Structure formats: C-alpha cells, structure tokens
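These values consider heavy atoms only, across backbone and side chains, with no hydrogens, waters or symmetry-generated copies. Quantities reported herein were computed from a predicted structural model and do not represent experimental measurements.
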Amino acid sequence: MEILNEDMGLVAESAAGLLNKSHPITAFRALRDSGIALGYDKAIVGEMAEMGWMGIALPEDVDGADFGFRAAGLIAEEMGKNLTAGPFVSTAVLAATVLRNAGGDALAQWGPRIAGGEAVIALAMDEGVKHRPDRIVTTATKDATGVTLNGRKSFVVDGIDADRLIVTAKAGDALMLVMVDPQTAGVSVTSQVMLDHRNAAVVTFDNAIVPAEAILVEGKAAETALTAALNAGRAVLAAEQLGVARVAAEQTFEYLRTRKQFGVLIGMFQSLQHRAADLYCELEQTASLVAEALNALDQGRDNAEALSRAAKAKSARVGRQATEEGVQMHGGIGMTDEMDLGLFMKRDRALTEFLGDAGYHTEWLLRQRGI
Amino acid sequence: MTDLDTFREETRVWLEANCPAEMREPMGEDDICWGGRSFEFSSPAQKQWLDAMAGRGWTVPAWPKDCGGADLSGAEQKILSEEMKRINARPPLQSFGIWMLGPALLQFGSDEQKRHYLPQIARGEVRWCQGYSEPGAGSDLASLQTKGVDKGDHFEVTGQKIWTSYADKADWIFCLVRTEPDEKKHTGISFLLFDMDSEGVTTKPIKLISGASPFCETFFDAVKVPSEQIVGERGQGWTIAKYLLTHEREMIGGSDSAIFAKSDLISDAAQAIGLDDAGRLDDPMMRADLGKFIVDEMAFDAHVTMTRAYMRAGNELGARSAELKYLGTELNKQRQSLRVAAGGADDLVWEGASNDAGQAAKDWLRSKANSIEGGTSEVMLSILSKAILKMPG
C-alpha cells in the first residue's frame, strides 16, 4: 500500500532483481545441502557491497551510501522472500549503526571496509536463551595494558568467521561496547548451525585482553549507540520476516487455487478462503507498520522505538500465522523437505528469536504506557 | 515559502479566527452536527462553525467548487486536517451525504444532479439516509425486492427497507429499487433519490440491545418518484451501490471513524484495576490481552495512514476497502470488550446519576454491529478472497 518514492522504488526493484536472479530459494537450498557451516556464501558480501547495500546505513565520508533504514528494510524484505543468506543485518545494519553512533577512528577505519564488503562484524550481546540485551554479566576491566574481558555470549549471528565482534560488557555499572578481534588470546568462537541453517556462534572470553583503543564507546553514549542499532535491527528484521511471511502465504494461496480434492479446487471452500483472506489482511497491515517504523527511524521521530518494537512483535505473530497456516493448508505435502514452506517456517522461527520476540517487545510497550 | 507553506499559514490563521472555542472541546455522540431540515443545533457556536466552514467549501474540501467544495489537492486536504487537529477543531458536519452519496454522485450523477444536490449536502441543509438492506436481503443485498414501476414521468416505489440509519431524522433517501424485474438480480436494480416527506413513506425506529434506536424500518407504499431522480442508467444501480459501499467501508474502517467510541483504554484500565508492586497492571491475563491490542492498534493506525496516502495519490481503493473495514471493526470490537472487562462492575451500570452512566456498556453493545453493518466480516473476507486472492468459486 505504501507509495515508494523514486529512489526507494529503485532500491526495491534492484533488490528483487539481484536476489531473484542470483540468490533465489534454490541457491539457499544448494547452500544448505553443501553442508557449509558458515551459513552463507562468502561471495555474496562482495556482491552486496557492489550494490551499495553493505554501506547503506553508513555516511558517505566513509564510503557509505547513506540511504537510510527504509531502504535497508526493502532489501531485507527481498532477502526474506528469497531466503537469501548473508551478513546484511549483522554487519550493514547493527554493526554499522553502532559504529556510526560511536564515530571517531573506529568508524573511519571500519566504515569503508564494511561498505566495501571487506569486513563482517557481528554484534555479541545476548547471554541467555532469550534476547535480553540489558542483562549483561560479561565484564570489561580497564587497566594499564588495555581492557580484560570475561564472560560468555550466545546467539552471535554471523559470529563465526567474523573479522570483528562488537561485544557488550559491563565496566562496573556502565555499559561498554568493545571491538574485539576474534583471534585474540582468550577468545573462543564456537560454531552452531541453527534450524534455519544459518550460523549463530557462542563466544567465550577468558581473560581476553584487548588494547584500550578497542573501546568503541562507553557509559551513556554506549547505551545510545546500542539502542540506535537495536531499533534499526528490529525494524529491518521485521521487514525480512514480512518477506518470509509474504512468500509463505503466496505459495499457500497458489496451492489453494490449484489443488483439487473432493472433485473441486480446495480454494472453493469458504473455511479456507476466510482464513486466507484474514492472513492477507494481517500481512497488509504488518507491511504498513514495518514501513511506518522504518520511516520513523529515518526521520528521527520520537515514536521510532515504539514503532520498531511494535513492528518486530507484529511480524513475529504474523510470520507464525503465515507459516503455520501454510503448512496446515498444504496438508502432508507441506511437511516435506521438497516444498519450500518448511524452509520459511524455520527461518521465521529464528527471525522471531533474533532481537526479541513478540512478548519481549510487547512488554516494553506496556511499560511505556504505564501498566 | 512554498505554496503549501502559504496555504498552511493562511489556514492556521483562518481557523484560529473562525473556530469558536466551544468547537475545540472534546465531543461526544450528542455533539455531532448532522445537519438537515429539522436538525437542532446544540449551540449557536455549532451553527456558526458549520456556516463558516461551509462558506469556504471546507465541509467537503475535496469536492469541486461548484458542488460546494473547495477543490483542494490531496496535500492541501492533509494540511487542513492537520491544522484542524492541531487546535482540536471538531468536524463541522458529518453525514451520509458527505461520506457516501457525494462520492457516488460525483462519479455517476449528471451535471445537474451534482449542482443541485451536492451544495445542499455541503452546507448541511439536507440530511440523507441510505435505503439498502431489506428483511430478505441482508448479506445477499442484490436479491432486494423493493420495486419501482415505470409510470411514464415517475417510478412508483413499493416495498420495505430495514436497518436504514437515522431514517426518522433524514430528509431524503438514496435507495436501491428493482425497476427491471425481468433482468438478472444484479442488473435489474436502479439507484433512486427521493424526499422522505413524499406521500407513502413511513419509518419505524428499531430498538437495539444498546437501548438506542439509530436504525429504522422504512416502508414505501406507492411512493411517486419523478423519473429524473434516477442516478445513472436504469439497471446500473448495483454498480453504483458497490462503488458507494467501498466508501462506506472506508468510512467505517477508518481509525477516527465516527462510529467508534474513543476512550483511553490503557489509563482507564490502570485506574480501575490498579498496579502491582512492580508497576504492572494487577491482572496478568488482561495485561497480556492489552499488550496484543496495543500492537494491533499501532499496526492498524499505520495501515490507515498508508492507505490515506495511497488514496491521496489518486488511487482507488476498490475491493481493498473490505480489508480496512474488516480490520478496523474487529479491532474496535476488541477495544470495547477490553474496556468493559477492565471496568468490571462499574461498566455493568446501565442507569445512574452521572452523565456518562452506562456509556461503556452501551458502546460495547453498539460495537457488536460494527462487523455486521456495511457488510459482515464474513462478506468482507469472501470479497477479498475472490477479488484480491483470486480464489475459485
């Protein structure tokens, strides 16, 4: 329903074009079947950089495209539709936004590498099984030699084989964001292949010492930088999840239009028609909420955080509706690996957990309203 | 300054000067200005505000100037509505004439009809009602049986309508009538306009579960309707009716829809139920329901915003009006159910000393009609599954 301006229309068109052609669902399937643990094809980082996507959230003086989060959302939605795997959200949205807010040497040094597709940087923040970025046990202790890190981070998306990790840690009571080379002594990165065949690492820090320059930002400024990155990540991931849900739904609608039982097309049955139409309505209003959240971020509106969280909560609920209805309406065939639906269902599940599920974000919204 | 900046500046100054203070107060159902021959203004300020806005064409800003409007562009309409919202200005006039008949006449009416009927609507002089549903034609509207027999210079209309909103208060009716009995059901209907004071018209209010009687039964006994009071061609009534229904559904579905009673659900719930030691609503299950509602309401509001922009850019909503109607009415039912659940015993009160005694219970009961009037939720889903999803059958 949203009317895209010319620039955004071109972004959406080029994203659909490239991903459909070079990285469609069949490519993801082949990648999975090849069994590589990384979870994505390394060549895609360069391709995305060439399109200007890796630098989409970075300023032009560090070679970024500075195109805003609405554009990032349009790309992520196409990635969701095509199940394209690549370190876009981790590096081009989350890490880039932290660095942009931190500024200074780190941005000057790493901005161009991200934009150029030469660096993958993962955000290591969660410590438990659920996304709780404010529950940090990992410690950062400053001394003459630099900063000593101790702790354990889980669900570090794209953390395996990353060039750098941005680690959240507590320096006393204050939040600190530290840029860590995973090769540092005392840092160990364990690969975990997840149900959606992407990788999320577990990273442990055992008296890992990094130089003082590795501190990106601390205290209040660190909270601001992390919040900015998380808000952007929430809305962009909601867009990816919307893409997943849209294709799962479209494949299901097509099945209803073509599958015959009892001598008729099953799309004739009103019980299925009404569930399909309800799902369509939910997808449409989710799309509007996601677009509104991304626009609010780009415009720096006061309600951007509330909208981003609402978008993430809504896309989680509707993504689940789309994939569950999809399997149910397909019947037995929907349970087979041959169909794409299962791939969408698995990706949807992982996207719900990444950066917080519907309950987590709804809780924040309830708090914000004073109950 | 761009032209739009100038327009905003002038609009702001004019509204400040012309919107009476009383017309900037929050409004209840009784404060709506419906207009019409027998309308009693609740205050001189209400009439003054209507006349001032109508004088500028701003009761119907998008309509052409010779039809009583101001011919404002989409961007100008948005500015006007933003500036009105800024000072909490009440809508000067609300009516079925504006929401439904107007768009249909602009699309299908003759030039004479437009210039005759539309300015009266814009000035609030004539109040219209809609003669659609019949006892035997509800969701299956096209099976309607009210007949209009061609008598040369007029049609003789006989039959019964039901659920005619405010028929007892309306001056004129736009009415679906079967004029071509030999045609198929969708192609035998014509769209007629006539005066409710005509001989042979009677109305009877229907008392609802909310205690209110917004709807009527309407009877026609050989009512003479001059032949020129047909809109479009004979047999074209269903096409016009469908077009008009999309506007009705947009109206019902819109988030600031006149039929959705507004309340501050969250703070009312906090006040009624109280908070626990951790500052959470002291009812975890209701809190979870409210959380889900908050997210759904934000999604729907965003969708209304996007839809408005889509329409301002010149797109017709068509079947997608069913999507707005379905989502908006189901959400409002949810809102009213949560509201009375939070209010508990207080919101069981039906009669009492305070002004708004029974209001929550009445709004809750009223909301049950939201997913029935203007086409049921089930009809909306059927429309969408066929028109948008291209389901067979």
Side-chain angles (χ1 to χ4, degrees), chain A residues 1-3 249-250 252-254 256-260 264-270 272-293 295-296 303 306-307 309-318 358-359 361-371, chain B residues 264-267 269-270 273-275 278-283 286-288 290-313 315 317 320 322-328 330-331 377-378 380-393:
Chain A
M1 189 72 84
E2 192 195 18
I3 299 171
E250 193 37 63
T252 304
F253 300 154
E254 181 58 18
L256 299 182
R257 290 189 287 257
T258 50
R259 165 76 171 167
K260 275 190 171 177
V264 295
L265 295 166
I266 61 172
M268 300 268 291
F269 296 124
Q270 201 173 55
L272 298 181
Q273 287 183 348
H274 284 191
R275 279 160 57 188
D278 174 75
L279 172 57
Y280 158 79
C281 289
E282 290 289 358
L283 287 166
E284 290 305 307
Q285 67 171 347
T286 303
S288 290
L289 180 59
V290 169
E292 186 80 343
N295 288 333
N303 60 352
L307 282 166
R309 289 176 180 269
K312 185 76 170 71
K314 186 71 183 168
S315 72
R317 274 169 34 205
V318 175
H361 292 298
T362 304
E363 174 65 30
W364 186 91
L365 290 165
L366 283 161
R367 285 284 186 182
Q368 191 205 28
R369 305 266 179 123
I371 60 168
Chain B
D264 193 343
L265 180 58
I266 305 298
S267 63
I273 295 172
L275 305 180
R280 300 189 187 97
L281 188 73
D282 199 7
D283 183 335
M286 174 165 302
R287 187 169 180 270
L290 287 171
K292 186 172 174 297
F293 175 81
I294 288 171
V295 172
D296 286 342
E297 191 181 45
M298 289 173 78
F300 182 68
D301 285 348
H303 199 43
V304 170
T305 302
M306 294 293 169
T307 305
R308 295 228 168 106
Y310 177 79
M311 292 173 65
R312 271 199 307 275
N315 297 293
L317 211 46
R320 296 195 65 174
E323 151 193 335
L324 223 54
K325 204 268 176 186
Y326 171 66
L327 291 168
E330 293 297 332
L331 185 72
S377 284
E378 290 72 17
M380 296 305 103
L381 293 173
S382 289
I383 288 172
L384 291 166
S385 85
K386 295 200 175 63
I388 308 280
L389 303 182
K390 309 291 180 206
M391 290 297 157

Item to check | Best-contacting candidate, B/Ala269, B/Gly291, B/Pro392, B/Gly393, against chain A by heavy atom pairs under 4.5 angstrom | outcome: B/Pro392
Checklist entry - Are the charged groups of B/Asp282 and B/Arg287 less than 4.0 angstrom apart, N to O? => result no
Checklist entry - What part of B/Ala299 gets closer than 4.5 Å to chain A, counting heavy atoms only: side chain, backbone, both or neither? => result both
Checklist entry - Which bit of B/Tyr326 is near chain A, if near means a heavy-atom gap under 4.5 Å: side chain, backbone, both or neither? => result side chain
Checklist entry - Side-chain contact, heavy-atom cut-off 4.5 Å: A/Lys314 with B/Met298? => result no
Next on the checklist: Heavy-atom pairs under 4.5 Å with chain B: which of A/Gln273, A/Arg367, A/Gln285 has the most?
Outcome noted: A/Gln285
Checklist entry - Any salt bridge between A/Arg275 and A/Glu282, counting N to O under 4.0 Å? => result no
Checklist entry - Heavy-atom distance under 4.5 Å to chain B: side chain of A/Arg309, backbone, both or neither? => result neither
Checklist entry - What is the distance from atom OG of A/Ser288 to atom CD of A/Glu2, rounded to the nearest 0.5 Å? => result 8.0 Å
Checklist entry - Is it the backbone or the side chain of A/Phe253 that comes under 4.5 Å from a heavy atom of chain B, or both, or neither? => result both
Checklist entry - Is the closest side-chain heavy-atom distance between B/Phe293 and B/Leu331 below 4.5 Å? => result yes
Checklist entry - Are A/Glu292 and B/Thr305 close enough that a side-chain donor and a side-chain acceptor fall under 3.5 Å? => result no
Checklist entry - Between A/Asp278, A/Val264, A/Leu307, A/Leu265, which residue shows the highest count of heavy-atom pairs closer than 4.5 Å to chain B? => result A/Asp278
Next on the checklist: Run the side-chain contact (heavy atoms from CB on, under 4.5 Å) test against A/Thr252 and tell me which residues pass, sequence neighbours left out.
Outcome noted: A/Met329, A/His330, A/Leu341
Next on the checklist: Under 4.5 Å from any heavy atom of chain B, what part of A/Ile266 do you find: side chain, backbone, both or neither?
Outcome noted: neither
Checklist entry - Side chain, backbone, both or neither: which part of A/Ala306 has a heavy atom under 4.5 Å from chain B? => result both
Item to check | chain A contact via B/Lys386 - which portion, at a heavy-atom distance below 4.5 Å | outcome: side chain
Next on the checklist: I'd like to check B/Thr307 versus B/Arg320 (side-chain heavy atoms, cut-off strictly below 4.5 Å). Are they in contact?
Outcome noted: no
Item to check | Max heavy-atom pair count under 4.5 Å with chain B, selected residue of A/Glu250, A/Glu363, A/His274 | outcome: A/His274
Next on the checklist: Is B/Ile383 close to chain A through its backbone or its side chain, or both, or neither, when contacts mean heavy atoms under 4.5 Å?
Outcome noted: neither
Item to check | Region of B/Glu378 in contact with chain A, defined by heavy-atom distances below 4.5 Å | outcome: both
Item to check | Contact origin within B/Ala278 toward chain A - heavy atom pairs under 4.5 Å | outcome: both
Item to check | Smallest separation among heavy atoms of B/Ala270 and A/Ile371, with atom names | outcome: CB-CG2, 3.6 Å
Next on the checklist: Counting only non-hydrogen atoms closer than 4.5 Å, does B/Leu275 touch chain A with its backbone (N, CA, C, O), its side chain (CB onward), both, or neither?
Outcome noted: side chain
Checklist entry - Non-hydrogen atoms of chain A under 4.5 Å away: do they reach the side chain of B/Leu290, the backbone, both or neither? => result both
Checklist entry - Of all heavy-atom pairs between B/Ser377 and B/Glu330, which one has the smallest distance, and what is that distance? => result OG-OE2, 2.5 Å
Checklist entry - Just wondering, do A/Val318 and A/Leu283 contact through their side chains at under 4.5 Å, heavy atoms? => result yes
Next on the checklist: Between A/Arg317 and B/Asp296, is there a side-chain heavy-atom distance shorter than 4.5 Å?
Outcome noted: yes
Item to check | Test item: A/Leu256 and A/Phe269 side chains (from C-beta on) under 4.5 Å apart, heavy atoms | outcome: no
Checklist entry - Between A/Ala311 and chain B, which part of the residue has a heavy atom less than 4.5 Å away: side chain, backbone, both or neither? => result neither
Item to check | Portion of B/Asn315 that has a non-hydrogen atom of chain A nearer than 4.5 angstrom | outcome: side chain
Item to check | Residue among B/Leu384, B/Leu389, B/Ile388 with most heavy-atom pairs under 4.5 Å to chain A | outcome: B/Leu389
Checklist outcome for this item: When the 4.5 angstrom heavy-atom criterion is applied to A/Gln270 and chain B, the contacting part is side chain
Item to check | Largest heavy-atom contact set with chain A, pairs under 4.5 Å, which of B/Lys390, B/Arg280, B/Met380 | outcome: B/Arg280
